[in-house]
Amino acid sequence: MKRVKVTTSVARSELAAAVLSRYDIPLDQVAVIAEFDDGSEKGVEAVKALTITAQTEPAQFDHVAQRLRDQREEQRLVAERSLSSPPSASGSSPKLMGRRRLVGCGLARRMPAAPS
């Protein structure tokens, strides 16, 4: 049953199917390659990196795949955070807000103005 799922996932990915037909890479690794075929430029780069790793350093394949998964998750979280974070209540940049706080305590006169 697992082999059927793996084969199906590879068949859904044109890039993974091409890798499977062109290179001598195990099916389980090609299934991981299919996981990264999302149609994006970053996905294509990940497929390339994984294909090269599978050919040249197969022992490092799992490590590279996990690193790419971690990067993808980090990018997703950053994008999610930027969409959900509310804009500043005063509409000021954090640098300007920090300088305003310093003005109140007299330290701003001793600090050079922030570049624009």
Q. For the hydrophobic clusters of this structure (ILVMFWY residues joined by side-chain heavy atoms under 4.5 Å, transitively), does one cluster hold both Ile33 and Tyr23?
A. yes

Show the numbers, then the answer: is there a side-chain contact (heavy atoms from CB on, under 4.5 Å) between Asp62 and Arg67?
CA-CA 9 Å; Asp62 291 337; Arg67 190 181 78 231; over 6 Å; no

Is it the case that atom CG in Asp24 sees more than 12 heavy atoms from other parts of the structure closer than 6.0 Å? no

Please answer whether the main-chain N or O of Val10 pairs with a side-chain N or O of Ser13 as donor and acceptor at a distance below 3.5 Å.
no

Scanning both residues in full, the closest heavy-atom pair of Ala18 with Ser21 reads O-OG, 3.1 Å

One should read off an interatomic distance between Ile52 CD1 and Lys48 NZ, to the nearest 0.5 angstrom, of 8.0 Å

| query | Does any non-hydrogen side-chain atom of Ile25 lie less than 4.5 Å from one of Leu20? | reply | no

Q.
What verdict does the side-chain contact (heavy atoms from CB on, under 4.5 Å) test give for Lys42 and Gln71, after you've listed the backbone C-alpha separation in whole Å, the side-chain angles of each residue and the deciding distance to 0.1 Å?
A. CA-CA 10 Å; Lys42 288 184 183 198; Gln71 288 172 353; over 6 Å; no

Requested in this report: Carefully, step by step, assess Phe61 and Val32 under the rule side-chain contact (heavy atoms from CB on, under 4.5 Å).
Outcome: CA-CA 10 Å; Phe61 184 86; Val32 172; 3.8 Å; yes

When you compare the side chain of Phe36 with that of Arg72, does any pair of heavy atoms fall below 4.5 Å?
yes

TODO: May I ask you to say whether Glu74 pairs ionically with Arg69, meaning some side-chain N is under 4.0 Å from a carboxylate O?
DONE: no

- Passes salt bridge (charged side-chain N to carboxylate O under 4.0 Å, His left out), Arg76 versus Glu80? Steps please. CA-CA 6 Å; Arg76 185 192 67 76; Glu80 185 179 282; 2.9 Å; yes

dist Leu68:CG -> His63:NE2 (nearest 0.5 Å) comes out at 9.5 Å

Above 12 or not: heavy atoms from other molecules or residues under 6.0 Å from CD of Glu14?
no

On a heavy-atom basis, the closest approach of Thr53 and Ala49 is OG1-O, 2.7 Å

### Verdict with supporting geometry, Val44 and Leu15, side-chain contact (heavy atoms from CB on, under 4.5 Å)
CA-CA 8 Å; Val44 171; Leu15 287 176; 4.2 Å; yes

All heavy atoms of Gln29 vs all of Pro58, minimum pair found to be NE2-O, 3.9 Å

